[in-house]
Peer 1: 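I have a structure here, written as structure tokens, and I will follow up with some questions on it.
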Amino acid sequence: MPLDQETELAKGETDSLLSHHETGVLALGRENEPYAIPISYGYDADERRFYLRLVSTPQSEKRQFLASSPRARLVVYEEDDPIYRSVVARGTLEEIPEDEITVEHIEQYGEAKRPLFEIWGESRRDLDVRLYVFDPVKLSGRRIEIDRENNRS
Amino acid sequence: MSSETGAEYAFLCPACGESLEVNDSMKQALIQKGCIICGTTVTDGAFTRISSPDSP
């Protein structure tokens, strides 16, 4: 029987993990279909909000999911053996229309990382780049410490 | 944002081609933080004045 210890991350630890990472996996759900993609994000620890630039092509599966205002989860995790930490954020993605962009948005996206995983190889004309805010209704973090010694026996 | 709602400049990102109509505060933020879409540093040259701030 493993003797691993699992504890909940405190708010400060959760914010710290999300602030010093810049990528995660965004999972979207539509009817009974799942869709998951690696994304880059910026995180505002004061507002506990994520800022995302999401790139898609007009006919792509990604665009179809994003257009449906899907329920979303964002997973960010790190491994520093023997300690593993993860954060799961749950909520709905909200698109920021171009005509509603404010100074505050420009500042927030300035802090956000470029979309590292996104497709920039294609002509910008063929890409649909949209800005989203992910304001989670639930944000929870866990820390697991693996007890290697006892797990061997 | 349009000139009717306070837009003073047309912004065109030289890197990604994003275009936006912005006011002076947004222009300053874009110069300081980079293009909101691609993050590329932008200069004053990326903005074209489309109206005077004193226009009715």
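Quick note on labels: first sequence line is chain A, next is B, and so on, each numbered from 1. Keep in mind that the numbers below use all heavy atoms, side chains included, and drop hydrogens, waters and symmetry copies.
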Peer 1: Identify, with sequence neighbours excluded, every residue that meets ring pair (Phe, Tyr, Trp, His ring centres under 6.0 Å) alongside B:F47.
Peer 2: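 B:F47: ring pair (Phe, Tyr, Trp, His ring centres under 6.0 Å) contacts with B:F11.
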Peer 1: Under a single-linkage definition using a 4.5 Å side-chain heavy-atom cutoff for Ile, Leu, Val, Met, Phe, Trp and Tyr, are B:L12 and B:L30 assigned to the same hydrophobic cluster?
Peer 2: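 The answer is no; the residues belong to distinct hydrophobic clusters.
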Peer 1: For residues B:L20 and A:D99, determine if any side-chain heavy atom of one lies less than 4.5 Å from a side-chain heavy atom of the other.
Peer 2: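 Side chain of B:L20 against side chain of A:D99, heavy atoms only: no contact under 4.5 Å found.
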Peer 1: Counting only heavy atoms from other residues, nucleotides and ligands, does the tally under 6.0 Å from CZ of A:R63 exceed 12?
Peer 2: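 Result for CZ/A:R63: enclosed.
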Peer 1: Once you round to the nearest 0.5 Å, how far does OG of B:S25 lie from CD of A:E107?
Peer 2: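 Result: 9.5 Å between the selected atoms.
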Peer 1: Kindly compute the distance separating CD (A:E104) from CE (B:M26), expressed to the nearest 0.5 Å.
Peer 2: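 It is 9.5 Å, given to the nearest 0.5 Å.
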Peer 1: Within a strict 4.5 Å, meaning less than it, do heavy atoms of the A:H105 and B:I36 side chains meet?
Peer 2: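 Yes, their side chains come closer than 4.5 Å.
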Peer 1: Of all the heavy-atom pairs spanning B:G34 and A:I106, show the shortest one and how long it is.
Peer 2: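 Closest approach of B:G34 to A:I106, heavy atoms only: O-CG2, 4.5 Å.
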Peer 1: When rounded to the nearest 0.5 angstrom, what is the spacing between NZ in B:K33 and CD in A:Q108?
Peer 2: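 Atom-to-atom, B:K33:NZ and A:Q108:CD are 8.5 Å apart.
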Peer 1: Can you list everything that forms a ring pair (Phe, Tyr, Trp, His ring centres under 6.0 Å) with A:Y35? Sequence neighbours excluded, please.
Peer 2: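 Partners of A:Y35 under the ring pair (Phe, Tyr, Trp, His ring centres under 6.0 Å) test: A:F65.
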Peer 1: Please determine whether the number of non-hydrogen atoms from other residues, nucleotides or ligands lying under 6.0 Å from atom CD of B:Q28 exceeds 12.
Peer 2: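 Counting neighbours around CD of B:Q28, more than 12 heavy atoms of other residues, nucleotides or ligands fall under 6.0 Å, so yes.
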